[in-house]
Amino acid sequence: MGKGRKKIPTAIKKSQGTLVKSRTLENEMEVEQINFLPEAPDYLNDFGKLEWTSVAGELLQKNMLHLVDLSLLSAYCNEMGTYLECSEKIKKEGAVERTYDKDGRLRASKTKPEVAMARNALDRALKIAVQFGFTPSSRASIPQPETPGNKAEDYDFFG
């Protein structure tokens, strides 16, 4: 299967008025939308829980939070939590571990494991982020579903 544009769900096309019947899948999978903010999973660290509240809240506000996405969303938040936790430790303790001899001379230095852990967690988080439209480039290709109050014609520029 060749690459190309990612498919836009029929519900989004319909809400935006861009639905063309000849370009729709007749039996497109529909999943349950959630209309409340689920509590952050217990296994997330404090940074991950803050990320959960932020991104799940944003998806909920845009009517884009779905039950089947929660596990993948928690994986994203877990990776971001790991990245931020490692970054905080590096900020406090530095990125390099040094050992000195008994006379105080530097014998060896090496990068702390948190540096690689942070880099790897961010790489994994970015791969997941693209699926949700959390990066500027991926967001540009995902149309926002209409929600009450986000239509330009509903906006009162003078009120």
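Being a predicted model, the structure only gives us computed values, none of them experimental.
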So which atom in [X] and which in [Y] form the shortest heavy-atom distance, rounded to 0.1 Å?
{"X": "P38", "Y": "L65", "value": "CD-CD2, 3.8 Å"}
{"X": "L60", "Y": "I34", "value": "CD1-O, 3.4 Å"}
{"X": "L73", "Y": "F132", "value": "N-CZ, 3.7 Å"}

Item to check | With sequence neighbours excluded, residues passing side chain to side chain contact (heavy atoms under 4.5 Å, CB included) with R98 | outcome: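 Checked R98 against side chain to side chain contact (heavy atoms under 4.5 Å, CB included); matches are V96, Y100, L106, S109.
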Item to check | Shared hydrophobic cluster for M64 and L70 (ILVMFWY, side-chain gaps under 4.5 Å) | outcome: yes
Checklist entry - Are L126 and F134 co-members of a hydrophobic cluster defined by side-chain heavy atoms under 4.5 Å apart? => result yes
Checklist entry - Ignoring hydrogens and geometry, is there a side-chain-to-backbone donor-acceptor pair from D103 to R105 under 3.5 Å? => result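 A pair under 3.5 Å: no.
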Checklist entry - Side chain of D101, backbone of R107: donor and acceptor closer than 3.5 Å? => result no
Next on the checklist: Does either side chain, that of S71 or that of S74, offer a donor lying less than 3.5 Å from an acceptor on the other one?
Outcome noted: no
Item to check | D46 CG: over 12 foreign heavy atoms closer than 6.0 Å | outcome: no
Checklist entry - Does Y76 OH have over 12 foreign heavy atoms under 6.0 Å away? => result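 Yes.
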Atom pair [atom1] ([X]) and [atom2] ([Y]), whose distance is rounded to the nearest 0.5 Å:
{"X": "I128", "Y": "D123", "atom1": "CD1", "atom2": "CG", "answer": "11.5 Å"}
{"X": "R124", "Y": "T82", "atom1": "CZ", "atom2": "OG1", "answer": "7.5 Å"}
{"X": "N45", "Y": "L50", "atom1": "CG", "atom2": "CG", "answer": "9.0 Å"}
{"X": "C77", "Y": "K49", "atom1": "SG", "atom2": "NZ", "answer": "12.0 Å"}

Item to check | Carboxylate-amine/guanidinium contact E97 K112, below 4.0 Å | outcome: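 No, this pair does not count.
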Next on the checklist: Can you confirm whether L122 sits close enough to M80 that some side-chain heavy atom of one is under 4.5 Å from a side-chain heavy atom of the other?
Outcome noted: yes
Checklist entry - Under a 4.5 Å cut-off applied to non-hydrogen side-chain atoms, are N78 and Y83 in contact? => result no
Next on the checklist: Given E114, which partner from the list K89, K92, K91 fulfils the salt bridge (charged side-chain N to carboxylate O under 4.0 Å, His left out) test?
Outcome noted: K89
